[in-house]
Asker: 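One structure is given below, represented as structure tokens, and several questions about it will come after.
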Protein chains: 2
Amino acid sequence: MNVCTYICIVKLETAIQSNKFKNEVHKAGLNILYTAWWLKTITAKELKEYGLTHEQYNVLRILKGKYPDQMCVRDVASRMIEKNSNVPRIIDRLELKKLVKRSNSSIDKRETVITLTQSGISILESCNKKVNELMDGIISINNQEAASLNALLERVRETEK
Amino acid sequence: MNVCTYICIVKLETAIQSNKFKNEVHKAGLNILYTAWWLKTITAKELKEYGLTHEQYNVLRILKGKYPDQMCVRDVASRMIEKNSNVPRIIDRLELKKLVKRSNSSIDKRETVITLTQSGISILESCNKKVNELMDGIISINNQEAASLNALLERVRETEK
DNA sequence: ATCAAATACATGTATATACATGTATTAAAA
DNA sequence: TTTTAATACATGTATATACATGTATTTGAT
């Protein structure tokens, strides 16, 4: 029998020890920031087993999306979740670990093209498995709730000018 | 007349140039991370005018919450949105700018107690004004939508063990 | 064809995160 | 009481963000 021993609900009020929010919109801002930190932290823990940071994992996933095609640095950067990431430097570290390979583009000599190595692919697959298991095990919202959440987050970023 | 010249909707698919999501839950994970980055970036831009980073602003707000009482470093740290922040070092920078003052606790000599200076209070007030104006101007969701969003984010972090 | 602007990437600096370790002080155990 | 463990903070290291600047290459205008 699978017995649920306890349910851990960390309310925002508890997490940041404050309940003085201007309004629900202001609270939502803090809630988004805190939830992102929480998500990053629990995934980083899994990735650490493989010596990868969240950002390095992101770059590997992006490269996998085009594999076996190569990608230039600019293309990788444009797909990053955090747009100001210093992609050349993240690639430096992946290259040191021999998870990716740099080469010069023949089309445009300014470009550096990046390729996943076999080792990069296999570490990515292990990480994906771990991270997916974590998500399935920890995040208990269903697809319908997630869809509402996605719609609301997109509404947050919808700006009129 | 207040004419709305254009509406800027940055969908997640456009932002990270991918539409291959395992399911809505997985997409929600990326959406939370991207929205947090977006929020941080637009606020950081306002704070930069005052030479403050997002984290320094967070520390000042926390100190204001107890003002005129002092707070020890541990108490500040426990209220941070990002729990792994290196609060002593953030305080180093605030102290250099004379926005806070460090002193020794008389009760427990291990503790360092932090006080907002007058200059710290006034810079915080200016920042709050700027940030609130930004939020009101840019975020177009209403309080009811924000309340649903808050409930969903709390559901995301609700884990069974 | 030549020069100026734009592009792609690398690199440098300040600040932050994440985490390990060091130091002084306090609390607790033998 | 003495020793040990825990606590509070400071500091050190690797990696990341945010942003400025440098260099080589390409594009575009004259």
Side-chain angles (χ1 to χ4, degrees), chain A residues 33-34 36-60 70-97 99-100 102-114, chain B residues 33-34 36-60 70-97 99-100 102-114:
Chain A
L33 295 178
Y34 177 68
W37 172 82
W38 178 85
L39 257 181
K40 267 191 184 175
T41 304
I42 58 169
T43 14
K45 217 170 174 178
E46 301 293 323
L47 295 174
K48 211 187 170 185
E49 277 185 53
Y50 299 92
L52 288 182
T53 65
H54 208 270
E55 295 67 28
Q56 290 169 8
Y57 175 55
N58 196 194
V59 168
L60 292 182
Q70 301 178 316
M71 291 181 83
C72 68
V73 176
R74 188 181 50 81
D75 282 346
V76 175
S78 72
R79 286 171 169 80
M80 293 292 283
I81 297 174
E82 320 220 338
K83 296 302 175 194
N84 291 320
S85 298
N86 197 330
V87 177
R89 215 117 53 178
I90 298 174
I91 291 171
D92 285 347
R93 274 135 211 166
L94 292 172
E95 198 180 23
L96 272 174
K97 289 184 269 196
L99 303 179
V100 304
R102 267 189 172 101
S103 30
N104 296 319
S105 167
S106 47
I107 308 150
D108 186 333
K109 283 180 184 170
R110 293 170 304 179
E111 286 184 347
T112 304
V113 289
I114 319 296
Chain B
L33 294 177
Y34 177 68
W37 172 82
W38 177 86
L39 257 181
K40 267 190 186 175
T41 305
I42 58 169
T43 10
K45 218 170 173 177
E46 300 294 322
L47 296 174
K48 210 186 170 185
E49 276 184 53
Y50 298 92
L52 288 182
T53 65
H54 208 269
E55 295 67 27
Q56 291 169 6
Y57 175 54
N58 196 193
V59 169
L60 292 183
Q70 299 178 318
M71 290 181 82
C72 69
V73 176
R74 189 181 49 82
D75 282 346
V76 175
S78 72
R79 286 171 169 80
M80 293 292 283
I81 296 174
E82 320 220 337
K83 295 303 173 192
N84 291 319
S85 298
N86 198 331
V87 177
R89 213 114 57 178
I90 297 174
I91 292 171
D92 285 348
R93 273 134 211 166
L94 291 172
E95 199 180 22
L96 271 174
K97 287 183 270 198
L99 303 178
V100 304
R102 267 188 172 103
S103 29
N104 296 320
S105 166
S106 47
I107 308 149
D108 186 334
K109 284 181 183 169
R110 292 169 304 179
E111 286 184 346
T112 304
V113 290
I114 319 297

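Lettering follows sequence order; numbering is per chain, from 1.
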Asker: Rounded to whole Å, please give me the gap between CD1 in B:I90 and C1' in C:dT17.
Answerer: 9 Å
Asker: Which part of the nucleic acid, if any, lies within contact of A:K48, taking any heavy atom under 4.0 Å across all strands shown: a base, the sugar-phosphate backbone alone, or nothing?
Answerer: sugar-phosphate
Asker: Please give me the minimum heavy-atom distance between B:Q56 and B:G51, naming the atom from each residue.
Answerer: OE1-O, 3.8 Å
Asker: What is the distance, rounded to the nearest whole Å, between atom CG of A:D108 and atom P of C:dC9?
Answerer: 8 Å
Asker: Within this structure, what is the CG-to-P distance between B:N104 and C:dT26, rounded to whole angstrom?
Answerer: 11 Å
Asker: For a quick test of reading the model: is some side-chain N or O of A:T53 closer than 4.0 Å to OP1 or OP2 of D:dT15?
Answerer: no
Asker: C:dA20 P sits how many Å from B:N86 CG, rounded?
Answerer: 13 Å
Asker: Take B:E82 and A:E111, find for each the nucleotide of DNA chain C with the closest heavy atom, and name the residue whose nucleotide sits nearer the 5' end.
Answerer: A:E111
Asker: Using 0.5 Å steps for rounding, measure from the CG atom of B:L94 to the CD atom of B:E55.
Answerer: 11.0 Å
Asker: How many angstroms lie between atom CD1 of B:I114 and atom CD of B:E95, to the nearest 0.5 angstrom?
Answerer: 7.5 Å
Asker: Rounded to the nearest Å, what distance is computed from the CE atom of residue B:M80 to the P atom of nucleotide C:dT15?
Answerer: 15 Å
Asker: For B:D92, answer base if it contacts any base atom (sugar-phosphate contacts may also be present), sugar-phosphate if it contacts only those atoms, and nothing otherwise; contact means non-hydrogen atoms under 4.0 Å.
Answerer: nothing
Asker: Is it the case that atom NZ in B:K109 sees more than 12 heavy atoms from other parts of the structure closer than 6.0 Å?
Answerer: no
Asker: Give a yes or no on whether the backbone of A:T53 and the side-chain of A:K48 come within a donor-acceptor separation of less than 3.5 Å.
Answerer: no
Asker: Under 4.0 Å: is that the gap between some side-chain N or O of A:N84 and OP1 or OP2 of D:dT17?
Answerer: no
Asker: Are A:W37 and C:dA16 close enough that a side-chain N or O sits under 4.0 Å from OP1 or OP2?
Answerer: no
Asker: Let me know, please, whether A:K97 or B:R102 comes out on the 5' side of the other along DNA chain D by nearest nucleotide.
Answerer: B:R102
Asker: Rounded to the nearest Å, what distance is computed from the CG atom of residue A:L47 to the C1' atom of nucleotide C:dT17?
Answerer: 15 Å
Asker: Measure NZ/B:K40 against P/C:dA16 and give the value in whole Å, please.
Answerer: 11 Å
Asker: Can you check the A:R74 CZ to C:dA6 P distance for me, whole Å?
Answerer: 17 Å
Asker: Using only heavy-atom distances, decide whether a donor-acceptor pair under 3.5 angstrom links the side-chain of B:R110 to the base of D:dT7.
Answerer: yes
Asker: Using heavy-atom distances to pick each residue's nearest nucleotide on DNA chain D, tell me which of B:V73 and B:R89 is more 5'.
Answerer: B:V73
Asker: Are any of A:S85's side-chain N or O atoms less than 4.0 Å away from OP1 or OP2 of D:dT17?
Answerer: yes
